[in-house]
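First the structure, in the form of structure tokens, and then the observations on it.
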Amino acid sequence: MSLRLSRVIGHRGVAATAPENTLTGFRLAAEAGFSWVEFDVMLSADEVPMLHHDEKLGRTNDGRGRLCEQDAEALKRLDAGAWFAPDFAGERIPSFADGIACCRALGLAMNVEIKPAKGHAIRTAEVVAETLNTLCPDLTDLIVVSSFERECLEVAKEKAPDFHRGYLCESLADGWRQAAEDLGCVSVHPNHRPLTEAAVAAIREAGFKTLTYTVNDPLRAATLIAWGVDAVITD
Ligand code: G3P
Ligand code: MG
């Protein structure tokens, strides 16, 4: 199956409008017209995949310490909305399964970024792969799994081969093309800041789609799309 992309992908749900990596964020992304969202997946201490960006709790919730050192039950009691605005108080950190169910119900396609805590890359990717195989076998053309960690993409390739993979990076470092090929990626996801028209052309010539993050300026988005970028990931 081929990836059914849209030009615009909501970053961490729709991070400018709603608390990031939350179900309300997904609902508001869908209401705003997004058909794709990106979100981050990290493992709790009891190996439940949770939607969370930072290794440490506290910026986007009222927790403390590292997410990977607390069980899902405790994480689910945290408030993940009040930090953003009082109206969002009571929002919870969703599990990956909650996120999938919500996106499925809303008709949202998913860029699943595997975001392991230090030392947990392989196990995080294994659990993400198992979860996708179990919950999403019918959604393979509407999901792309990405990660900055090469190990995570290796595990995804081995354990969830039916799902598309994206090579996530800051910029195109030496060897990017070989690495993306070896990992069987369909797309390359560079930061838009150092991205050039020549780099976008090189990605396309190598046979990959380009998804670039995090593009919040409409003029910059138009330039990137004119260069041939396939999708911009935006707050
Ligand atoms: O997947 C694109 C983007 O989310 C990568 O950076 O730090 O926002 O997860 P970050
Ligand atoms: Mg991300």
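For the single chain, residues carry numbers from 1 onward in sequence order. Start at 1 and go down the list; that is how both ligands and their atoms are numbered. Please read all numbers here as calculations on a predicted model, not as lab measurements.
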* side-chain hydrogen bond (donor to acceptor under 3.5 Å, both in side chains) between N111 and S146: does it pass, once the steps are laid out? -> CA-CA 7 Å; N111 176 187; S146 62; 3.0 Å; yes
* Could you please spell out the steps behind the side chain to side chain contact (heavy atoms under 4.5 Å, CB included) verdict for T22 and T60? => CA-CA 10 Å; T22 65; T60 59; over 6 Å; no
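A distance-only check finds no donor-acceptor pair linking the side chain of R123 to the backbone of L43 [under 3.5 Å]. No side-chain donor-acceptor contact under 3.5 Å links E91 to the backbone of P19.
Atom CZ of R59 has more than 12 neighbouring heavy atoms from other residues, nucleotides or ligands inside a 6.0 Å radius. Around the CG atom of D174, the shell of radius 6.0 Å holds no more than 12 heavy atoms that belong to other residues, nucleotides or ligands.
Among heteroatoms of the N, O or S kind in E38, OE2 lies nearest the Mg ion (ligand 2).
Relative orientation of the Y213 and F148 rings is perpendicular, given thresholds of 30° and 60° on the angle between their planes.
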Less than 3.5 Å apart, N/O on ligand 1 and N/O on the protein: could you list those pairs with the distances?
residue: ligand 1; atom: 1 (O); partner: E38; partner atom: OE2; Å: 2.9
residue: ligand 1; atom: 1 (O); partner: E113; partner atom: OE1; Å: 3.2
residue: ligand 1; atom: 4 (O); partner: H11; partner atom: NE2; Å: 2.8
residue: ligand 1; atom: 4 (O); partner: E38; partner atom: OE2; Å: 2.6
residue: ligand 1; atom: 4 (O); partner: E113; partner atom: OE1; Å: 3.2
residue: ligand 1; atom: 7 (O); partner: H53; partner atom: NE2; Å: 2.7
residue: ligand 1; atom: 7 (O); partner: K115; partner atom: NZ; Å: 3.3
residue: ligand 1; atom: 8 (O); partner: H11; partner atom: NE2; Å: 2.8
residue: ligand 1; atom: 8 (O); partner: R12; partner atom: NE; Å: 3.4
residue: ligand 1; atom: 8 (O); partner: R12; partner atom: NH2; Å: 2.8
residue: ligand 1; atom: 9 (O); partner: D40; partner atom: OD1; Å: 3.2
residue: ligand 1; atom: 9 (O); partner: H53; partner atom: NE2; Å: 3.3
residue: ligand 1; atom: 9 (O); partner: E113; partner atom: OE1; Å: 2.8
residue: ligand 1; atom: 9 (O); partner: K115; partner atom: NZ; Å: 2.8

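Rounded to 10°, the angle formed at the Mg ion (ligand 2) by OE1 of E113 and OD1 of D40 is 90°.
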